[in-house]
Each structure stands twice: as structure tokens, then as C-alpha cells.
Amino acid sequence: MTTVITHNRRRSRLSSLIDQPGGISTRIALKQAAENIAELEEQSLALVEQTIQNLADMTPPATVDEVHSKLNEAYGYSAGIIDAAGPFAREDLCRAATNLCDLLDGSPTDQMFDWRIITVHAQSFRLLLNLPRDADVPRQQVLASLQEVLKAKLGS
């Protein structure tokens with residue numbers, strides 16, 4: 001003799017709500033999200049400008065003991081550019097900032113750092129930020145030049 005226990009499963013209120021029609025379409029939700037984020041682009045670009053200025057204002061390390069902390073500070077500014085520019089499809093700024101992060105990551109902290117790299121990247125960030133959005137050729141040239149700096153310093 002086999003005993004089978006059955007019970008009625010109750011549907012949760014959440015599953016009932018999910019199964020009901022209503023709400024907005026994905027297309028409309030994406031359009032509204034794009035409009036909402038577009039309102040923040042000006043504020044984000046102002047943050048990028050300030051971060052570039054902070055990077056440009058950094059002083060080179062005076063001793064080998066300061067190299068590690070200075071590189072970390074520069075890395076933080078570079079990562080900040082990625083954070084602020086990324087949501088607004090500024091791949092150019094993000095690629096340049098990633099390039100600088102890679103250089104900083106690959107640099108030894110037990111010897112002096114060639115600070116011209118920071119200066120060149122800060123100037124490149126400014127140029128990329130101020131180029132017209134449709135200036136694809138100059139933008140690619142700047143990024144290719146920064147990539148060459150990476151290859152020259154790290155060898156890969």
C-alpha cells in the first residue's frame with residue numbers, strides 16, 4: 001500500500017503579478033532609461049574634466065619611496081575617467097584611460113617612473129574630450145599613439 005500526500009500549492013503574489021499583462025514594453029523602458037541617463041551626461045563630462053585636471057596637477061614622485069603611492073593615485077584618476085565616461089559611450093576616453101591603467105599596472109614601483117607618460121595621457125584625455133564627436137580619424141590617431149607608448153614601455 002502506497003500513501004501519497006498531496007497539497008495545493010499556493011501561487012505567490014509576485015508570480016501572479018509577473019504573469020499579468022501590464023507595465024511598459026522593453027523598447028519604451030530602454031528609451032526612458034536613455035533619456036534619464038542623457039540628463040546626467042553634462043555632469044559626468046564635468047567630472048571627467050575635473051579628474052583630468054587632478055591627474056595633470058599631480059607632481060612626480062620625488063623619491064623611489066613615493067612611486068607606489070603616486071602610481072596608485074594616478075591609477076585612481078584613470079579609473080575615475082572610465083567610471084564617469086563609460087555610461088555615456090565614450091569608448092575613446094575609456095580606452096585611453098585603460099591604456100594608462102595598464103601602463104601603471106605594469107610599471108615597477110621600485111624605480112622612478114617616467115612621469116611624461118602621465119602628462120601625455122592627461123593631454124590626450126583633454127584632446128579626446130574636446131574633439132568633435134564625429135572626428136573619428138584624429139580620435140583613432142590619438143588612441144594609436146597611446147597604444148604605442150604602452151608597447152614601448154611594457155613591450156607587448
Side-chain angles (χ1 to χ4, degrees), residues 12 14-15 17-18 22-156:
S12 71
L14 178 60
S15 68
L17 288 172
I18 290 172
I24 59 174
S25 72
T26 304
R27 180 180 53 79
I28 292 172
L30 289 173
K31 181 181 176 203
Q32 288 175 347
E35 289 170 358
N36 290 340
I37 201 165
E39 294 172 6
L40 300 173
E41 186 170 13
E42 186 177 319
Q43 182 181 356
S44 172
L45 293 179
L47 179 60
V48 169
E49 283 183 54
Q50 182 59 53
T51 304
I52 293 168
Q53 188 60 50
N54 292 345
L55 183 67
D57 289 344
M58 286 186 67
T59 57
T63 66
V64 172
D65 294 336
E66 293 180 0
V67 170
H68 182 71
S69 65
K70 290 287 190 169
L71 295 184
N72 281 341
E73 183 180 356
Y75 190 97
Y77 289 138
S78 190
I81 291 170
I82 295 169
D83 292 343
F88 302 98
R90 292 303 305 259
E91 288 88 12
D92 55 342
L93 288 167
C94 292
R95 280 184 50 203
T98 300
N99 194 78
L100 179 56
C101 286
D102 290 345
L103 276 163
L104 297 170
D105 270 342
S107 296
T109 58
D110 61 346
Q111 54 187 286
M112 294 306 284
F113 181 78
D114 184 356
W115 206 255
R116 295 174 297 176
I117 292 171
I118 302 292
T119 304
V120 165
H121 275 78
Q123 291 169 347
S124 297
F125 291 142
R126 278 195 184 109
L127 178 59
L128 291 169
L129 188 62
N130 292 315
L131 279 172
R133 291 289 277 211
D134 61 348
D136 293 334
V137 172
R139 198 173 303 283
Q140 291 307 316
Q141 289 172 334
V142 170
L143 293 171
S145 295
L146 293 176
Q147 191 67 35
E148 289 299 316
V149 172
L150 177 67
K151 287 179 185 175
K153 291 297 179 181
L154 299 184
S156 58

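What's counted below: heavy atoms across the whole structure, side chains too, no hydrogens, waters or symmetry copies. By convention here, the first residue in the shown sequence is residue 1. Remember, predicted model here, so these are calculated numbers, not experimental data.
The two residues L100 and H121 make their nearest non-hydrogen contact at CB-CD2, 3.5 Å. Considering every non-hydrogen atom in both D92 and L143, the closest pair reads O-CD2, 3.5 Å. The shortest heavy-atom contact between R90 and L128 is NH2-O, 2.9 Å. Closest approach of Y75 to D105, counting heavy atoms only: CE1-OD1, 3.5 Å. Nearest heavy-atom pair, I82 versus A97, reported as atom, atom and distance to 0.1 Å: CG1-CB, 3.5 Å. Closest heavy-atom contact between L71 and S107: CD1-CB, 4.3 Å.
Going from atom CD of E73 over to atom CE of M58 covers 3.5 Å, rounded to the nearest 0.5 Å. The distance from the CZ atom of F125 to the CD atom of E49 is 13.5 Å, given to the nearest 0.5 Å.
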- side-chain hydrogen bond (donor to acceptor under 3.5 Å, both in side chains) assessment of N54 paired with Q50: CA-CA 6 Å; N54 292 345; Q50 182 59 53; 2.8 Å; yes
- Chi angles and distances behind the side chain to side chain contact (heavy atoms under 4.5 Å, CB included) call for L55, I52: CA-CA 5 Å; L55 183 67; I52 293 168; 5.6 Å; no
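Annotation: side chain of Q147 is in contact with side chain of L150 (closest heavy-atom distance under 4.5 Å).
With sequence neighbours excluded, the residues satisfying side chain to side chain contact (heavy atoms under 4.5 Å, CB included) with T63 are D65, E66. By the side chain to side chain contact (heavy atoms under 4.5 Å, CB included) test, E91 pairs with A89, sequence neighbours left out.
Without hydrogens or angle criteria, S78 side chain to A74 main chain gives no donor-acceptor distance under 3.5 Å.
D57 and Q53 are linked by a side-chain donor-acceptor pair at a separation below 3.5 angstrom, with hydrogens and angles left out of the test.
In the displayed structure, E35 atom CD is contacted under 6.0 Å by more than 12 heavy atoms of other residues, nucleotides or ligands. Within 6.0 Å of the CD atom in Q43, the count of heavy atoms belonging to other residues, nucleotides or ligands does not exceed 12.
Applying the side chain to side chain donor-acceptor pair (under 3.5 Å) test to residues at least two apart or on different chains, none of the pairs has a partner in residues 129-138.
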